[in-house]
Undergrad: 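I'd like to ask some things about the structure below.
Computed from heavy atoms alone, side chains included, the values below leave out hydrogens, waters and symmetry copies. Numbered from 1 within each chain, the chains take letters A, B, ... in sequence-line order. Keep in mind that what you see is a predicted model, and the values were worked out from it rather than measured.
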2 protein chains.
Amino acid sequence: MTSAAQPPAPAPGRRPTLNAVAARAGVGRGTVSRVINGSPNVSSRSRAAVEQAIAELGYVPNRAARTLVTRRTDSVALVIPEGEDRLFSEPYFSGIIRGVSAELTAVGMQLLLVLARNDGEQARLASYLSARVDGVLMVAVHRDDTLPDLLDDLGVPTVLAGQRSEHEPLGHVRADNYGGARGAVQHLLERGRRVIATITGPLNMDVTRARLSGYREALENADVSTDEQLIVHGDFTEEGGRTAMRELLRRRPDLDAVFAASDVTASGAVLELRASGRQVPEDVAVIGFDDSIVARHIDPPLTSVQQPIEEMGRTMAALLLDELAQQGKGRREVVLPTQLVVRAST
Amino acid sequence: MTSAAQPPAPAPGRRPTLNAVAARAGVGRGTVSRVINGSPNVSSRSRAAVEQAIAELGYVPNRAARTLVTRRTDSVALVIPEGEDRLFSEPYFSGIIRGVSAELTAVGMQLLLVLARNDGEQARLASYLSARVDGVLMVAVHRDDTLPDLLDDLGVPTVLAGQRSEHEPLGHVRADNYGGARGAVQHLLERGRRVIATITGPLNMDVTRARLSGYREALENADVSTDEQLIVHGDFTEEGGRTAMRELLRRRPDLDAVFAASDVTASGAVLELRASGRQVPEDVAVIGFDDSIVARHIDPPLTSVQQPIEEMGRTMAALLLDELAQQGKGRREVVLPTQLVVRAST
DNA sequence: GCTGGCCGTGGGACCGCTCCCACGCGGCAT
DNA sequence: ATGCCGCGTGGGAGCGGTCCCACGGCCAGC
């Protein structure tokens, strides 16, 4: 019965704690903490001792304990609207993930993946996120998405891929859709095409409007008359592309080129053109957008506008980390250049 | 100077705590905790009071505080080998994510996305994961992947999509690759094809061996002689498909069907067949695997073997939650049926 | 020589929760 | 009536960090 209060009790199969490191290094907890957090006010002697103890013990800081006191979770959420499966296809999603992930792991933050339903649960989701992460990245935002605003109200730094409207108040990254579209149409003009149609995306997306502007601009610059008959709205699906193409052929059977707002739409257009007895690119040239896996695999391989997806991911993460660092200030927008990838369809 | 120790100090812009709920409900902290965690030993009076207080205060439990004491993080990681961009294409990745996410959010767990490099960092990654999550889900495991074993050694429950070898010790979910391949070849036989070649995947993947077995089995069942000349190895890429097809045509110019181990491989094969002057499906029928976006968009649309991807995701998560619940026991394997989707290529 | 300031340091208080012990109370068997 | 049991309960201890205050030692300035 001489058990006078168990001294340190090495703790069974448990990971070493900061306390254990301090004991082993012969310093106080505060000093270990300072070393870990890179404080300059530590003598090199202490620092060396602590670093050695950390290495010997294989110490890894307990994130929960740190979060409890600092109120930072060191994690950000990537929110994806459920149903936007389009996003998951190459190269979009892999690129975004790779970029975001690279930027985040470099600073020791972790990435949470959250699928969001587009129903009335957005308020609940916003509150959930505000308790779980330091910031939020969102892709595929639509004009009427409220989640970004809800998050903003809760003070959760948020960065979007793309803007909801031309005056997006939140930080965001987007490709130069306007310039990409203009370049695509210029390319068609250089190939000698003169009756150039376009199949757009959904009207409630900013990318649709930007690409349409680029299309118009290119034609006006070239003094080619623009005909509203040559503009049809699609929905980014293959079926939408077929339907739109059918309508275009009805209106202007003499068209000699089509600029589609997505590769999948373009692939539908190609099918419909072929069904009407036209050859691509001999009779009608076709350009897509996204440079997706479909562009490379359909026949003929599709000329397409490529976005710097991975860099967009990296930039999104960087902007968010910026906002985190400066407490919500420094909200910025970044526009990245696109590149035309020429293949057999033009 | 009459400031005698600030009493409760309502705390400024901070979220309500369990203490605040207890005070408002007029009960002790223990009781609030019991209500939140669904303990049965709470009088219905107390329970009602607590629930009302929670609602009024908009209380959300602090996960870090809970994790600190329970040593559970209530989160699992989905580990994806970097470079396996193939996985990111429709429908694979979106399906897995949707299935996993649905199952996890139903029980309040969160999903961490982790990109893993295939270098010597795996030990570090394993240790990182063991500190950050309760369990791990892995996709695209190769025969020589060590991460699953490292995790197992650290006692981190792990569930794989697919098996590394035929005697996978870890819990895993896979599609019936054998049955799917057999069914595909049977379909070709029913279409009257007799000289059926196959382009496999990489030999270090179990799916490759399983699909090859199914191919052989179907031919043997039908008393069609199998010729090793008809088997060529690919690598799941389009270029690999072209190369393999070229080799097959050299060896057996009389072949009348090809079963490819992936849609992308199949699309390469189709291009090469066409280049050789053959028509698909008139001269040579082609079947792919995965029922990916490529299958639907190439010309002709590809007959393909579809896997129940979303269900695989759901099942993976369910198996992991099971292991979590029973402390690593109940390690199981689940095989899900495939389905042949017939299109114009056969 | 004394004072002031700064540097490096140790350690108490605390973050918000769960775990568990101890207590009061009523009902049942003795 | 007395005991015991078990239920519902309150609250102390502790999880593993960070923050910050106080302290000793040293050097520079007067």
Undergrad: Identify, residue by residue, the members of residues 63-73 of chain B with a heavy atom below 4.0 Å from DNA chain C, and return them in order of residue number, or none.
TA: B:Ala65, B:Arg66, B:Leu68, B:Val69, B:Thr70

Undergrad: Nearest 0.5 Å please: distance from the CG atom of A:Leu111 over to the CG atom of A:Leu137.
TA: 7.5 Å

Undergrad: Taking atom C1' of C:dG16 as reference, at what distance in whole Å does atom CD1 of B:Ile36 sit?
TA: 11 Å

Undergrad: Which residues within residues 16-25 of chain A lie with some heavy atom under 4.0 Å of an atom in DNA chain D?
TA: A:Thr17, A:Leu18

Undergrad: Please check: side-chain N/O of B:Thr70 versus main-chain N/O of B:Arg66, any donor-acceptor pairing under 3.5 Å?
TA: yes

Undergrad: According to salt bridge (Lys or Arg N to Asp or Glu O under 4.0 Å), who are the partners of B:Glu168, at least two apart in sequence or on a separate chain?
TA: B:Arg164

Undergrad: Is the shortest side-chain heavy-atom distance between A:Val159 and A:Leu170 below 4.5 Å?
TA: no

Undergrad: Heavy atom of residues 26-34 of chain B under 4.0 Å from DNA chain C: which residues?
TA: B:Arg29, B:Ser33, B:Arg34

Undergrad: Among residues 40-55 of chain A, which contact DNA chain D at a heavy-atom distance under 4.0 Å?
TA: none

Undergrad: Between B:Thr146 (side chain) and B:Asp144 (backbone), is there a donor-acceptor pair under 3.5 Å?
TA: no

Undergrad: Would you say the side-chain atoms of A:Asn62 pair up with the backbone N or O of A:Ala64, donor to acceptor, closer than 3.5 Å?
TA: yes

Undergrad: In whole angstrom, what separates B:Asn37's CG from C:dC17's P?
TA: 11 Å

Undergrad: Do side-chain atoms of B:Gln122 reach the backbone of B:Leu147 as a donor and acceptor pair under 3.5 angstrom?
TA: yes

Undergrad: Is the closest side-chain heavy-atom distance between B:Phe93 and B:Ile309 below 4.5 Å?
TA: no

Undergrad: Quick one: does A:Thr67's side chain have a donor or acceptor within less than 3.5 Å of a partner on A:Arg63's backbone?
TA: yes

Undergrad: Under the 3.5 angstrom rule, does the side chain of A:Thr315 hit a backbone N or O of A:Glu311 as a donor-acceptor pair?
TA: yes

Undergrad: Between D:dG17 atom P and A:Arg14 atom CZ, what is the distance in whole Å?
TA: 12 Å

Undergrad: Could you check whether any side-chain heavy atom of B:Arg24 comes within less than 4.5 Å of a side-chain heavy atom of B:Pro16, counting everything from C-beta outward?
TA: no

Undergrad: Using side-chain heavy atoms (C-beta onward) and a distance below 4.5 Å, is A:Gln110 in contact with A:Asp74?
TA: no

Undergrad: Using side-chain heavy atoms (C-beta onward) and a distance below 4.5 Å, is A:Leu154 in contact with A:Leu129?
TA: no

Undergrad: Has B:Asp152 got a side-chain atom pairing as donor or acceptor with B:Pro148's backbone, closer than 3.5 angstrom?
TA: no

Undergrad: Output yes when a side-chain donor or acceptor of A:Ser75 lies under 3.5 Å from a complementary backbone atom of A:Val133, and no otherwise.
TA: no

Undergrad: Does any residue of residues 129-136 of chain A have a heavy atom under 4.0 Å from DNA chain D, and if so, which ones, in number order?
TA: none

